[in-house]
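This report concerns only the one structure given below.
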Amino acid sequence: MIDILYFAWLRERIGIGRERLETSAPTVAALIEELQSRSGGHALAFADLSTIRAAVDQDLVELDAPLGNAREVAFFPPMTGG
Amino acid sequence: MIDILYFAWLRERIGIGRERLETSAPTVAALIEELQSRSGGHALAFADLSTIRAAVDQDLVELDAPLGNAREVAFFPPMTGG
Amino acid sequence: MPVRVQTAAFDAGAELNGFSKGLAAGAVVSFTGIVRGGGGMTAMEIEHYPGMTERALTAIAEEASRRWSLECALVIHRYGLLEVGETIMMVATAARHRAEAFQAADFLMDYLKSRAPFWKKEIGEAGTSWVDAKASDEKALARW
Amino acid sequence: MPVRVQTAAFDAGAELNGFSKGLAAGAVVSFTGIVRGGGGMTAMEIEHYPGMTERALTAIAEEASRRWSLECALVIHRYGLLEVGETIMMVATAARHRAEAFQAADFLMDYLKSRAPFWKKEIGEAGTSWVDAKASDEKALARW
């Protein structure tokens, strides 16, 4: 089981900030493909991958990064702190 | 009559911070030549011109600047503020 | 390298004084970010990723300390609802020489802008909208 | 563009807060210079050129405002006798974008270091000595 977290407009489009699921996706990108088919909101949130950033166990990663034994994967738009 | 001001180690070497004199020197450099002969302290203060900065009427100038109708000329080492 | 993530308002001046107290360094640089008004904007909401935020800010502060001889660095970043004019965040750096303090603060800001998990939403008379990341912010990272 | 030259101590934090209050700008950068100890130094004496100092600082602040879109800039510089740990001076800049605030503060410091008529003398256990200007400070000016 893996925790999936959504932030900012991804959270708003999907309608929830967190969900928990079973996956055998080998990479973050493969996980995104699985997620896209979960609902219309998911599909909308992940429509343009150029606007998606991801963190695996709270470390920023590229979308082709392996999932490994990740316990927590987060998806969010480019950050706008400061 | 012109006011001559000295700061930092120029003031210390010359022994006074200000003097007033009559000069017909056309440039700052010519004025320095006159000043060098006023005392041993003056000669010591102006021994190495590469360490001398000058201001005419409170504007920084190069040593070859004309004196014009200057009322106040100041001499000092390179500045070390901040 | 103290890093604080909080909703509560903080006093930037008091933080600067606390940071500077008893330093052996001669140079302190601070950056303060303030919620800017204009364009009908009335407030800002900042979302963050609890856990990762502290981790990312600490990593950025440690990277700054590796690159420059800092005596100390401070990062404070708020989240939640902020009114126009409120202080969003601050960084401070202390070093022996001013160039290091300036560069480290500039670096901290560039990384914090684009690599720490914060997202800003503008709240205005006409509704709300997420602030877009700027290409210039991503480009600024290439300087380091 | 307020410029102050004074012997009295000042509260850098209070100055930063006063400077930031009511700004429409989003980015505030400050630099604070503190008397650094070490090497047997116990105090510092700063001499300046009354009249020219204010003039030079005002000209430097105006030049910064011409080069960058600043909402405001502040320069405070002390003279006279300062103990180790005391605040010598500060600059602050406020701009819409952080790059402008950083660059303007950096510029102000470079010019103030080498073009404003201040001279530092270190007072130590072994006597006193005038601080030499650094070649690196003169070189820093070439950046602008």
Side-chain angles (χ1 to χ4, degrees), chain C residues 10-39 41 44 71 82 84-99 101-110 112-113 120 131 134 136-137 139-140 143, chain D residues 10-39 41 44 71 82 84-99 101-110 112-113 120 131 134 136-137 139-140 143:
Chain C
F10 64 92
D11 180 328
E15 295 292 343
L16 178 66
N17 283 349
F19 180 77
S20 303
K21 203 166 189 164
L23 284 180
V28 174
V29 169
S30 80
F31 178 93
T32 320
I34 299 166
V35 182
R36 207 163 55 198
M41 199 181 110
M44 177 168 273
E71 187 182 339
L82 285 86
V84 168
E86 283 195 70
T87 301
I88 304 172
M89 50 77 60
M90 85 181 276
V91 307
T93 55
R96 215 172 148 74
H97 301 294
R98 73 185 186 288
F102 267 117
Q103 284 170 31
D106 205 357
F107 170 91
L108 281 172
M109 284 307 303
D110 279 354
L112 190 155
K113 275 263 165 192
K120 289 196 187 110
V131 173
K134 284 184 283 182
S136 59
D137 284 334
K139 234 172 85 179
R143 295 189 292 153
Chain D
F10 64 91
D11 179 328
E15 294 292 342
L16 178 66
N17 283 349
F19 180 78
S20 304
K21 203 165 188 163
L23 284 181
V28 174
V29 169
S30 80
F31 177 93
T32 320
I34 298 165
V35 182
R36 206 163 56 198
M41 199 181 109
M44 177 168 274
E71 187 182 338
L82 284 87
V84 167
E86 282 194 70
T87 302
I88 305 172
M89 50 77 61
M90 85 181 276
V91 307
T93 54
R96 216 171 146 75
H97 301 294
R98 74 186 185 285
F102 267 117
Q103 285 170 29
D106 205 357
F107 170 91
L108 281 173
M109 284 307 303
D110 279 353
L112 191 155
K113 275 264 167 193
K120 289 197 187 109
V131 173
K134 285 185 282 183
S136 59
D137 283 335
K139 234 172 85 180
R143 296 189 291 153

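Proteins get letters first, then strands, A, B, ... in listed order; numbering begins at 1 in each.
Between D:R98 and C:D110 there is a salt bridge, with a side-chain nitrogen of the basic residue lying less than 4.0 Å from a carboxylate oxygen of the acidic one.
When each of D:G22, D:A94, D:A105, D:G85 is scored by its heavy-atom pairs under 4.5 Å with chain C, the top score falls to D:A105. When each of C:R96, C:E15, C:H97 is checked for heavy-atom pairs under 4.5 Å with chain D, C:R96 comes out on top.
Between C:S20 and D:T87, the closest side-chain pair of non-hydrogen atoms is not below 4.5 Å.
Only the side chain of D:A140 has a heavy atom closer than 4.5 Å to any heavy atom of chain C. With a 4.5 Å cut-off on non-hydrogen atoms, C:L16 touches chain D through its side chain but not through its backbone. With a 4.5 Å cut-off on non-hydrogen atoms, D:K21 does not touch chain C at all. With a 4.5 Å cut-off on non-hydrogen atoms, C:A27 touches chain D through its backbone and its side chain both.
Shown here for C:F31 and D:F102, the closest heavy-atom pair between the two residues is CD1-CE1, 3.7 Å.
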